[in-house]
Q: 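Structure in structure tokens, see below.
Computed from a predicted model, the values in this text were never measured in an experiment. Here is how names work: the chains are called A, B, and so on, in the same order as the sequence lines, proteins then strands, and each is numbered from 1.
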There are 2 protein chains.
Amino acid sequence: MTDGLNMSRRLRRTPYTQNVESAGVSGYSIVNHMLLPKGFQKSVEEDYWHLREHVQMWDVSCQRQVEILGPDAGKLIQLMTPRNISTATIGDCYYMPIIDDNAGMINDPVMLKLGEDKFWLSVADSDVLLYAKGIALGSNMDVTVSEPDVSPLAIQGPKAEKLIAKIFGDHIKNINFFKFGWIDFKGTKQLIARSGYSRQGGFEIYLENSKLGSDLWNTIWEAGIEFEISPGCPNLIERIEGGLLSYGNEFTRENNPLEIGLGKFCSLDGSIDYIGRGALEKIASNGATKKIRGVIFEGDKCPTCSLPWSVMVGNERIGQITSAIWSPRLKKNVGLSLIDREYWSPQQAVEVHCQDNKIRSGEISRLPFS
Amino acid sequence: MTDGLNMSRRLRRTPYTQNVESAGVSGYSIVNHMLLPKGFQKSVEEDYWHLREHVQMWDVSCQRQVEILGPDAGKLIQLMTPRNISTATIGDCYYMPIIDDNAGMINDPVMLKLGEDKFWLSVADSDVLLYAKGIALGSNMDVTVSEPDVSPLAIQGPKAEKLIAKIFGDHIKNINFFKFGWIDFKGTKQLIARSGYSRQGGFEIYLENSKLGSDLWNTIWEAGIEFEISPGCPNLIERIEGGLLSYGNEFTRENNPLEIGLGKFCSLDGSIDYIGRGALEKIASNGATKKIRGVIFEGDKCPTCSLPWSVMVGNERIGQITSAIWSPRLKKNVGLSLIDREYWSPQQAVEVHCQDNKIRSGEISRLPFS
């Protein structure tokens with residue numbers, strides 16, 4: 001089960017790892033120095049259909065929280081992101097780019113506003129805690145930056161609401177998309193957001209107190225049997241079809257938020273100040289030179305994309321695919337890519353050079369794939 | 001071969017990955033978002049004996065370099081570490097703790113001084129680049145913080161010097177321990193240090209320009225056949241016996257440098273200023289309450305340590321083991337641990353609660369194990 005991955009304490013287990021192992025996890029990935037299950041008995045394709053029809057429970061503890069607490073908390077977060085956070089109210093989840101002085105992407109967390117001076121950043125795969133600590137220490141801000149004992153558990157799929165309401169009460173139905181509320185679990189107050197890394201709807205419970213992990217997993221599991229619940233994990237087919245980006249895959253510090261479709265979260269009118277503002281405004285005034293796009297391509301099922309694949313028009317390399325998979329619904333291969341300006345219009349014909357050394361023909365597509 | 005690990009571009013390949021795969025890598029770990037080979041055809045035990053007698057080549061590209069360049073480079077690094085770096089001269093490698101405002105360990109890199117305003121930090125498993133960037137941006141320092149295209153390749157074992165001298169010339173014999181010099185490889189100037197994550201002696205080549213990776217690997221491989229060269233990786237038996245610590249395993253942000261044997265690298269006389277100085281001086285004046293120690297323990301071969309094991313004296317939990325393995329040389333299990341002050345004397349009798357639910361009896365030991 002753990003074959004292929006050298007286990008050590010450095011690759012942190014989660015409060016649900018024991019349950020995940022009992023459920024037959026087939027292997028892991030590592031995100032934020034922590035285990036992320038990669039699959040169970042079902043194939044990625046079976047898992048995809050199940051996620052679209054029923055409900056799944058995902059151990060996403062690797063979405064670590066960076067807690068920023070204190071009088072300067074809002075000020076520190078605003079310095080890290082071009083998104084105007086002054087409009088956020090308590091109970092809001094804000095998806096936001098975090099950028100550096102070159103407007104390069106450092107992360108794309110979801111910010112949860114818990115109080116006027118208390119925020120969590122639910123981060124993708126980079127140590128945002130260290131960036132936040134560095135800025136706070138360098139500029140003498142009055143904040144504490146820490147990683148609280150919070151381990152998200154995702155309930156995803158069309159039957160998620162019914163399942164969660166059955167366990168925790170109908171009041172969760174009043175939580176809108178990208179808002180959070182509270183549930184009671186065994187006498188503890190726990191945060192629940194209508195969010196998650198799929199397009200099938202659902203919730204994420206931000207469990208505070210890892211000792212309750214196994215209990216929470218089992219409680220949901222037992223209540224979920226009537227809804228055909230299955231253990232799961234972010235599904236590569238569903239993620240790519242849905243146009244959900246992954247830090248480290250689709251973009252890195254080399255990319256700016258305007259390239260990857262996050263322009264709508266960027267204040268470019270000078271009304272707020274943040275690190276990288278000058279660089280970002282300059283990029284905006286020149287216009288982005290490449291953009292995130294889908295590519296639909298023919299041929300047999302493509303291999304796993306573990307290094308960027310060249311996207312070609314004739315002899316010109318016009319972009320790269322960073323995540324790709326066979327779509328059982330579209331009966332074609334689909335991939336996420338960064339494409340040069342001259343070629344980013346939908347239906348542009350391209351060729352994809354896959355790492356199995358096959359060249360597959362395809363075309364540029366809008367995202368999400370329909 | 002990659003079974004058990006969900007491959008994606010986010011888990012970065014190295015310039016040597018293709019060679020490592022041709023050499024029959026049996027799996028990977030992830031360090032700094034990058035692949036670190038975990039083993040080849042040999043067992044950990046065969047690998048251990050080979051490393052002590054011959055020479056091995058390790059892909060340690062995951063030891064990413066954080067380049068700090070500019071007029072304030074030295075000032076920024078001094079702010080991050082309690083070690084006095086003003087004594088370093090060009091060509092020096094300095095092992096150093098990096099700490100936060102609570103004196104908690106953020107990393108333990110090797111600093112290479114390339115110029116008065118140019119340094120590399122060769123980092124363990126946390127994004128020090130983001131911490132350095134944060135401090136620099138928060139305090140408006142005149143530096144550039146980046147990750148250059150540098151991928152270390154380690155040549156370790158008693159025959160390493162002969163092999164490296166054969167390829168690059170006898171001048172490398174003049175490089176002392178924890179110093180670096182330069183070699184010519186195909187017309188490029190490359191940095192070579194006498195260093196490495198073993199106690200068997202050797203070098204690390206900090207290859208600049210990943211396109212040369214495969215060539216460098218093959219050149220060393222071919223020259224190494226007469227020395228019985230083998231592909232390898234940091235060896236868990238050798239590392240534990242040698243008392244080499246691993247960030248994330250033996251210590252985290254919860255630990256301070258005085259606990260983990262790095263007191264000798266800490267300026268505590270107020271002669272230099274750095275983040276966490278007040279906290280560290282306070283800890284020093286009270287005395288550390290726990291310390292890094294070895295534990296030798298009986299019984300059959302212990303399992304892999306993927307979560308901390310309690311070290312007990314009677315009913316009291318007096319510490320935890322974080323890395324452990326069977327030592328074929330000592331014919332006993334050996335482990336690295338943090339032990340409370342009252343019990344940290346060598347020969348203290350203890351019991352170790354391993355994750356296979358067996359209790360093994362043992363005693364506290366000095367490090368390295370002899």
Q: Between A:Asn107 and A:Pro97, is there a donor-acceptor pair closer than 3.5 Å when you use the side chain of the first and the backbone of the second?
A: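 No, the answer is negative, given that no donor and acceptor are paired below the 3.5 Å cut-off.
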
Q: Side chains of B:Tyr197 and B:Gln63: any donor to acceptor distance under 3.5 Å?
A: no

Q: Any side-chain heavy atom of A:Trp309 sitting closer than 4.5 Å to one from A:Val295?
A: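 A side-chain contact is absent here, since even the closest heavy-atom pair is not under 4.5 Å.
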
Q: Under 4.5 Å heavy-atom distance to chain B, tell me which part of A:Thr17 shows up: side chain, backbone, both or neither.
A: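 Neither; nothing under 4.5 Å.
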
Q: If you tally heavy-atom pairs under 4.5 Å against chain B, which of A:Gly39, A:Ser323, A:Pro308 wins?
A: A:Pro308

Q: Under 4.5 Å between any side-chain heavy atoms of A:Pro37 and A:Tyr16, yes or no?
A: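 No. Closest side-chain heavy atoms not under 4.5 Å.
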
Q: So which part of A:Ile275 gets closer than 4.5 Å to some heavy atom of chain B, the side chain, the backbone, both or neither?
A: side chain

Q: Indicate whether any N or O donor in one side chain lies under 3.5 Å from an N or O acceptor in the other, for A:Asn255 and A:Glu250.
A: no

Q: Of the backbone (N, CA, C, O) and the side chain (C-beta and beyond), which part of B:Glu254 lies under 4.5 Å from a heavy atom of chain A, both, or neither?
A: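 For B:Glu254, no heavy atom lies under 4.5 Å from chain A.
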
Q: Measure distances from A:Ser8 to the heavy atoms of chain B and classify the residue's part below 4.5 Å as side chain, backbone, both or neither.
A: both

Q: Do you know which of A:Val31, A:Val128, A:Leu36 has the most heavy-atom pairs under 4.5 Å to chain B?
A: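 When all of A:Val31, A:Val128, A:Leu36 are compared, A:Val31 has the most.
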
Q: Could you tell me whether the side chains of A:Arg317 and A:Ser310 share a donor-acceptor contact shorter than 3.5 Å?
A: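 Yes, because at least one side-chain N or O of A:Arg317 sits under 3.5 Å from a partner of the opposite role on A:Ser310.
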
Q: Can you tell me which of B:Gly138, B:Ser246, B:Ala136 forms the most heavy-atom pairs within a distance under 4.5 Å of chain A?
A: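 Top count of heavy-atom pairs under 4.5 Å with chain A: B:Gly138.
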
Q: Looking at A:Asp101 and B:Lys133, is any side-chain nitrogen of the basic one under 4.0 Å from a carboxylate oxygen of the acidic one?
A: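 Here B:Lys133 pairs with A:Asp101 in a salt bridge, since their nearest N and O are under 4.0 Å apart.
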
Q: In terms of heavy-atom pairs under 4.5 Å, which option from A:Thr304, A:Asn249, A:Leu236, A:Ile106 contacts chain B the most?
A: A:Asn249

Q: Specify which of A:Asn140, A:Asp127, A:Leu11, A:Ile135 makes the most heavy-atom pairs with chain B at under 4.5 Å.
A: A:Asp127

Q: Please flag which part of A:Arg253 lies under 4.5 Å from any non-hydrogen atom of chain B: side chain, backbone, both or neither.
A: side chain

